[in-house]
Amino acid sequence: MKEIALLCEKRNAIILAHYYQEADIQDIADFIGDSLELSRKAATTNADVIVFCGVHFMAETAKILSPEKKVLIPDIDAGCTLADDCPPNEFKKFREKNPDHFAVSYINCSAAVKAQSDLICTSSNAVNLIKQLPENLPILFAPDQNLGKWVQRQSGRKLTLWPGSCLVHETFSEEAVIKLKLENPQAKIIAHPECQSNLLDHADYIGSTSKLLDYSQKSDRDTFIVLTEPGIIHQMQIKNPQKTYLEVPGIDGCSCNECPYMRLNTLEKVLNCLRKMSPELKMDENIRAKAYKPIKKMLEMSS
Ligand code: 13P
Ligand code: SF4
């Protein structure tokens, strides 16, 4: 940890971390946030180097917004099922099949898909952005169908959905949620909108990782059943150590509620990438410039 701090100073580097990172990575980070906050931070930092402790599409977003900076990612293989299951050539066909549609893509997609989109959203601003679009505009929504269904319900807008989903948020056991609620009747159920609708139906509050953290802090309740990746519980415990946060196991009681991609990053890999200044995220300038437009639009519409 000391060496990481020294190298950050020497290289004028900032460490950005998502809430699903291991606790020790969160502890050394300069900034922790949800996807929207991390994008905003990447766009405004004065650092020369961004060490992005998250997954590949998040580091790509940082590069799209700050092309002059060096963006390092501790493990270049830290992907995301949503991004990986929406290949740019298939997305192109999806658009061609619906030529009159406006394409809104969840930030969990590759730069090449962003480059073909009209607007980007995150789980924290999706409903608000969709509500701002003209009522008669037909809309495509990719790649998360669970988030898309929730946005449809919240906004009253009909969306044509790409059939993707997150392997982590699809794994939570509804039976386990009901059992936890029966054992803890005072507990509030808080959920990320990437969960399937049968799980969201049990939730008292639905929101992005930052919003879930904020809700658990401000609520007068002292127990929470947390329907998202359990990495977020570290910050919940730091902010309100006297409260209880219950994670929900996967269907078979497995620990597949942990994102296997986010968890590829380790403190050792953070140190190594700062020592070697690698792996570095590189991007084709043509794709970057095209992907920048719908992200810029998102930041303007959600400011
Ligand atoms: P947030 O934008 O809520 O941080 O979510 C990102 C993510 O990948 C959730 O699985
Ligand atoms: Fe992607 Fe799901 Fe991991 Fe989030 S939790 S980064 S959506 S695989």
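Numbering of ligands and ligand atoms starts at 1, following listing order.
Around atom 1 (Fe) of ligand 2, protein N, O or S atoms at less than 2.8 Å comprise Cys80 SG.
Across the listed options His192, Glu37, Lys211, His192 owns the non-hydrogen atom lying nearest to atom 5 (O) of ligand 1. Looking at Thr122, Asn125, Asp144, Thr209, it is Thr209 that brings a heavy atom closest to atom 1 (P) of ligand 1.
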Side-chain donor-acceptor distances from residues 139-151 under 3.5 Å, at least two apart:
| from | atom 1 | to | atom 2 | distance (Å) |
| --- | --- | --- | --- | --- |
| Asp144 | OD1 | Asn146 | N | 3.0 |
| Asn146 | ND2 | Glu170 | OE2 | 3.3 |
| Asn146 | ND2 | Glu194 | O | 3.3 |

When you look at His234 and Asp27, which way does the side-chain hydrogen bond (donor to acceptor under 3.5 Å, both in side chains) test go after all the steps? CA-CA 9 Å; His234 183 56; Asp27 293 345; 2.7 Å; yes
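Taking a cut-off of under 4.0 Å to the non-hydrogen atoms of Ser123, the atoms of ligand 1 that pass are 1 (P), 2 (O), 3 (O). With ligand atoms numbered from 1 in the order given, ligand 1 contributes 1 (P), 4 (O), 5 (O), 6 (C) to contacts under 4.0 Å with heavy atoms of His18. Per-residue contacts place Glu194 under 4.0 angstrom from the following atoms of ligand 1 (heavy atoms of the residue considered): 7 (C), 8 (O), 9 (C), 10 (O). With ligand atoms numbered from 1 in the order given, ligand 1 contributes 3 (O) to contacts under 4.0 Å with heavy atoms of Ser208.
Heavy-atom contacts from other residues, nucleotides or ligands closer than 6.0 Å to CD of Glu285 number more than 12.
Using a 4.0 Å cut-off between charged nitrogen and carboxylate oxygen, Glu60 and Lys63 do not count as a salt-bridge pair. A salt bridge is absent between Lys290 and Asp284; no separation between the charged side-chain nitrogens and carboxylate oxygens falls under 4.0 Å. A salt bridge links Glu183 with Lys179: the distance from a Lys NZ or Arg NE/NH1/NH2 to an Asp or Glu carboxylate oxygen falls below 4.0 Å.
For Asp204, the side chain to side chain donor-acceptor pair (under 3.5 Å) test picks out no residue, with sequence neighbours left out.
Residue Glu194 places a heavy atom under 4.0 Å from ligand 2. A heavy-atom separation below 4.0 Å is not found between Met262 and ligand 1.
Distance check, rounded to the nearest 0.5 Å: NZ of Lys69 to CD of Glu280 gives 13.0 Å.
The hydrophobic cluster containing Ile76 also includes Ile73, under a criterion of side-chain heavy atoms closer than 4.5 Å among ILVMFWY residues, counted directly or through chains of members.
Taking any N or O of Ser35, backbone or side chain, at least one lies under 3.5 Å from an N or O belonging to ligand 1.
Between the side chains of Gln132 and Asn128, a donor-acceptor pair is found at a separation under 3.5 Å.
Heavy atoms of Tyr20 found under 4.0 angstrom from ligand 1 belong exclusively to the side chain.
When each of Ser208, Ser210, Ser302, Ser35 is checked for a side-chain contact (heavy atoms from CB on, under 4.5 Å) with Thr122, only Ser35 meets the rule.
The closest protein non-hydrogen atom to atom 8 (O) of ligand 1 is Asn108 ND2, 3.1 Å.
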